[in-house]
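The structure under discussion appears below in the form of structure tokens.
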Amino acid sequence: MSQIIEITDFSAPELDVYARLTEAQLLNRFEPAKGMFIAESPKVIHRALDGGCRPVSLLMERKDIAGSAREIIARCPDVPVYTADEELLCGLTGYHLTRGVLCAMRRPPLRPMEEILAGASRIVVLENVMNPTNVGAIFRSAAALGMDALLLTPGCSDPLYRRSARVSMGTVFQIPWTFTPGWPEEGMAKLKSLGFKTAAMALSDDSVSIDDPRLAREEKLAVVLGSEGDGLTDTTIARCDYTVKIPMYHGVDSLNVAAASAVAFWQLRKA
């Protein structure tokens, strides 16, 4: 049975993870094995638990103990549950818990690139996509539209940041992902050695349309998407096997990277 703990002292160190540690501090790059993240909302927490993530503690409004969090508490029988009324929790966290429940969890170890790409035929590479909302939205589209795995360059926002995981609706715990080794040189070489052709989503003089039949015929294809402002680097584009564009109308030159990803995943998914 979980231990229900009424919050009376905001300065209690066990509440630091919710109230005083930044996302970067939770990540703990210097000691990855001690890294943590916050999962927000019952759906996201359930998917994190399904994905094997280990809970450390729960924070919720008192009314949610027998309400929206009841099944989560049942799944975490030995995990402390910190609780108080809405007004008090707002004072602790600085915002209203509009989704009711937070769960502090241990970060799972990153899996090697070869492992997450085993058996994959359609994957996504994100280059320096820094907005957590965009990262979460891309994960959700990738999971929904048939992508097998995602790779992120070191300049990307972390998929386990609270906003990313929430926007993804927990799909960051369902679709395999990892950070690439040295990009683009080492990462591209690894993709090639594993049999992947690469398709850079970018506008250039030699871009082919996303419905080009050669793309659909590729047995293994990596869709490469760039940062929100500058797009892909020239070096990455030059190293890719294809440069691909989504045809536009009414004078629109491009889509937001999250919107473009959904179009690309639908068109390039493996039938």
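Position 1 is the first residue of the sequence, and the numbers go up from there.
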Q: Answer yes or no: are there more than 12 heavy-atom neighbours, outside Glu71 itself, under 6.0 Å from its atom CD?
A: no
**Q.** Atom pair CG (Leu126) and CH2 (Trp177), whose distance is rounded to the nearest 0.5 Å
**A.** 11.0 Å
**Q.** Side-chain donor/acceptor of Thr83 to backbone N/O of Met60, under 3.5 Å
**A.** yes
Q. Who passes salt bridge (Lys or Arg N to Asp or Glu O under 4.0 Å) against Glu115, sequence neighbours left out?
A. Arg111
Q. Looking at side-chain heavy atoms only, is the closest gap between Glu23 and Ile38 below 4.5 Å?
A. no
**Q.** Criterion side-chain contact (heavy atoms from CB on, under 4.5 Å) on Met105 and Arg54, from CA distance to verdict
**A.** CA-CA 5 Å; Met105 292 183 153; Arg54 293 187 294 119; over 6 Å; no
Q.
Would a single hydrophobic cluster contain both Ile237 and Leu215, if residues Ile, Leu, Val, Met, Phe, Trp and Tyr are joined by side-chain heavy-atom contacts under 4.5 Å?
A. no
Q: Say whether, by atom type as modelled, one donor and one acceptor occur between the side chain of Arg47 and the main chain of Met169 under 3.5 angstrom.
A: yes
Q. Do you reckon Trp183 sits in the same ILVMFWY cluster as Leu110, going by side-chain contacts under 4.5 Å, direct or chained?
A. no
Q: Kindly determine whether Arg163 and Glu40 satisfy salt bridge (charged side-chain N to carboxylate O under 4.0 Å, His left out), including the steps that lead there.
A: CA-CA 8 Å; Arg163 181 179 292 275; Glu40 180 179 357; over 6 Å; no
(Q) To check you understand the geometry: which heavy-atom pair defines the closest contact between Pro184 and Thr235, and what is its length? (A) CG-CG2, 3.7 Å
Q. Judged by atom type as modelled, is there a donor-acceptor pair below 3.5 Å linking the side chain of Asp16 to the main-chain atoms of Leu21?
A. no
Q. Is there a side-chain contact between Gln267 and Asp211 (heavy atoms, below 4.5 Å)?
A. yes
**Q.** From CA spacing to verdict: side-chain contact (heavy atoms from CB on, under 4.5 Å), Val224, Arg239
**A.** CA-CA 11 Å; Val224 189; Arg239 287 175 176 268; over 6 Å; no
Q.
Do Ser168 and Pro159 have side chains that approach each other closer than 4.5 Å (heavy atoms only, starting at C-beta)?
A. no
Q.
Using the rule that Ile, Leu, Val, Met, Phe, Trp and Tyr join whenever any side-chain heavy atoms are under 4.5 Å apart, tell me whether Leu203 and Val252 fall into a single cluster.
A. no
What donor-acceptor contacts under 3.5 angstrom involve side-chain atoms of residues 128-139, with partners at least two apart or in another chain?
from: Asn128; atom 1: OD1; to: Thr153; atom 2: OG1; distance (Å): 3.1
from: Asn131; atom 1: OD1; to: Thr133; atom 2: N; distance (Å): 2.7
from: Asn131; atom 1: OD1; to: Asn134; atom 2: N; distance (Å): 3.2
from: Asn134; atom 1: ND2; to: Glu228; atom 2: OE2; distance (Å): 3.2

Q) Does a side-chain heavy-atom distance below 4.5 Å link Lys220 with Ile123? A) no
Q. Is the closest side-chain heavy-atom distance between Leu150 and Ile175 below 4.5 Å?
A. yes
(Q) With a 4.5 Å cut-off on side-chain heavy atoms, are Phe37 and Leu27 touching? (A) no
Q: Only one of Leu221, Val125, Leu117 passes side-chain contact (heavy atoms from CB on, under 4.5 Å) with Phe196; say which it is.
A: Leu117
Q) Mind checking whether Pro108 and Leu160 have side chains closer than 4.5 Å, heavy atoms only? A) yes
**Q.** Ala259 backbone acceptor or donor facing Ser141 side chain under 3.5 Å
**A.** no
Q. Counting only N and O atoms by type, is there a donor-acceptor contact under 3.5 Å from the side chain of Ser57 to the main-chain atoms of Ala104?
A. no
Q.
Show, in sequence, the C-alpha distance, side-chain angles and deciding distance for Tyr82 and Leu102, and conclude whether the side-chain contact (heavy atoms from CB on, under 4.5 Å) test is met.
A. CA-CA 10 Å; Tyr82 297 100; Leu102 300 179; over 6 Å; no
Q) Given the rule that I, L, V, M, F, W and Y join up when any side-chain heavy atoms are under 4.5 Å apart, are Leu152 and Val223 in one cluster? A) yes
Q.
Tell me if the CG atom of Asp206 is crowded by more than 12 foreign heavy atoms within 6.0 Å.
A. yes
Q) Distance from Arg122 atom CZ to Leu145 atom CG, nearest 0.5 Å? A) 13.5 Å
Q | More than 12 heavy atoms from other groups under 6.0 Å of CG on Asp234 | A | no
Q) Under 4.5 Å between side-chain heavy atoms, hopping through other hydrophobics if needed: is there a path connecting Leu268 to Val257? A) yes
Q: Find out whether Met147 and Arg269 are in side-chain contact, i.e. whether some heavy atom of one side chain is under 4.5 Å from a heavy atom of the other.
A: yes
Q. Any Lys/Arg nitrogen of Asp50 or Arg75 sitting under 4.0 Å from an Asp/Glu carboxylate oxygen of the other?
A. yes
Q: List the atom of Thr243, the atom of Ser204, and the distance in Å for their closest heavy-atom pair.
A: CG2-OG, 3.4 Å
Q. Could you give the distance from SG (Cys240) to CG (Leu232), rounded to the nearest 0.5 Å?
A. 7.0 Å
Q. Can Asp158 and Ser164 be said to form a side-chain contact (heavy atoms from CB on, under 4.5 Å), step by step?
A. CA-CA 8 Å; Asp158 193 290; Ser164 293; over 6 Å; no
